[in-house]
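Reviewing the structure listed below.
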Amino acid sequence: MSYSGYEILQFSLCEGWINNLYDSNNKPYVFVTIEEAIAELQSEFDDWRTEIEHGDRSKCDGYDINSFQIICNITGIIYGFNLLDGKVIISNKPTTN
């Protein structure tokens, strides 16, 4: 798998911004398009919201959208996000490292 494409990064106090998604070969997962990466992030937030609604997860244990970003490995552009009515949307003018 090529590392060109888009990675979802999550902020960790110990490691900073890291990719926590791995493919079957234990390599960091890279999406071909930003739309695919956003769809994956949306799916995760939908699952977490459902878990909270069903009492399987505490609201305190919900994930903060601000702890996620997507980076384009080709250009270095970083996208931040907000949740608007449960939908993941780009929140900022994309920046670079």
Side-chain angles (χ1 to χ4, degrees):
M1 174 176 282
S2 168
Y3 287 102
S4 61
Y6 297 84
E7 290 185 66
I8 298 174
L9 305 178
Q10 184 175 14
F11 186 77
S12 162
L13 288 176
C14 296
E15 300 178 69
W17 291 101
I18 59 170
N19 184 339
N20 287 323
L21 297 173
Y22 291 89
D23 67 16
S24 60
N25 295 320
N26 209 26
K27 303 253 185 210
Y29 196 86
V30 179
F31 297 89
V32 174
T33 67
I34 191 163
E35 291 83 9
E36 291 174 351
I38 292 171
E40 176 64 25
L41 191 57
Q42 181 68 60
S43 177
E44 292 295 327
F45 272 89
D46 290 347
D47 289 347
W48 298 326
R49 184 181 64 242
T50 299
E51 289 174 4
I52 290 168
E53 289 171 356
H54 291 149
D56 298 327
R57 176 188 298 272
S58 166
K59 284 185 180 185
C60 297
D61 294 333
Y63 287 89
D64 180 4
I65 190 70
N66 295 313
S67 68
F68 291 89
Q69 63 183 18
I70 293 176
I71 187 167
C72 175
N73 291 328
I74 297 169
T75 64
I77 293 175
I78 299 168
Y79 301 85
F81 297 91
N82 280 329
L83 282 175
L84 180 63
D85 296 327
K87 298 296 177 196
V88 173
I89 59 168
I90 295 174
S91 67
N92 65 335
K93 180 177 177 187
T95 61
T96 57
N97 288 344

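A quick note: this is a predicted structure, and the numbers were derived from the prediction, not measured.
Here the CD1 atom belonging to I65 is positioned 8.5 Å from the OG atom belonging to S91, to the nearest 0.5 angstrom. Atom CG of L41 and atom CD1 of I70 lie 5.5 Å apart (nearest 0.5 Å). The structure places OG of S43 at 13.5 Å from CD1 of I38, a figure rounded to the nearest 0.5 Å.
Legend: residues meeting salt bridge (charged side-chain N to carboxylate O under 4.0 Å, His left out) with E44, ordered by chain and number and at least two apart, are absent. Partners of F31 by ring-ring contact (aromatic ring centres under 6.0 Å, His included), not counting sequence neighbours, listed by chain and number: Y29. Residues satisfying the side chain to side chain contact (heavy atoms under 4.5 Å, CB included) criterion with N25, sequence neighbours excluded, are D23, K27. For E53, the salt bridge (charged side-chain N to carboxylate O under 4.0 Å, His left out) test picks out R49, with sequence neighbours left out. Among residues two or more places apart in sequence or in another chain, the side chain to side chain contact (heavy atoms under 4.5 Å, CB included) test is passed with E35 by T33. For N19, the side-chain hydrogen bond (donor to acceptor under 3.5 Å, both in side chains) partners at least two apart in sequence or on another chain are E7. Judged as a side-chain hydrogen bond (donor to acceptor under 3.5 Å, both in side chains), and not counting sequence neighbours, D47 has no contacts. The side chain to side chain contact (heavy atoms under 4.5 Å, CB included) check on D56 picks up E51, H54, with sequence neighbours excluded. For Q42, the side-chain hydrogen bond (donor to acceptor under 3.5 Å, both in side chains) criterion is met by D46, not counting sequence neighbours.
Ring geometry, Y6 versus Y79: the interplanar angle falls from 30° to 60°, so the pair is classed tilted.
Residue I89 belongs to a hydrophobic cluster whose other members are L84, with links defined by side-chain heavy atoms closer than 4.5 Å.
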Side-chain atoms of residues 8-15: list all donor-acceptor pairs with protein atoms under 3.5 Å, sequence neighbours left out, distances to 0.1 Å.
{"from": "Q10", "atom 1": "OE1", "to": "N20", "atom 2": "ND2", "distance (Å)": "3.0"}
{"from": "S12", "atom 1": "OG", "to": "C14", "atom 2": "N", "distance (Å)": "3.4"}
{"from": "S12", "atom 1": "OG", "to": "E15", "atom 2": "N", "distance (Å)": "3.3"}

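What you find for S4 and I74 is that their closest heavy atoms are CB-CG1, 3.7 Å. Closest of all the heavy-atom pairs between S58 and I52 is O-CG1, 4.0 Å.
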Subject >> side chain to side chain contact (heavy atoms under 4.5 Å, CB included) between L83 and V88, intermediate numbers included >> reply: CA-CA 5 Å; L83 282 175; V88 173; 3.7 Å; yes
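Placement of I90 and F45 within a single hydrophobic cluster is found when ILVMFWY residues are connected by side-chain heavy-atom separations under 4.5 Å, directly or transitively.
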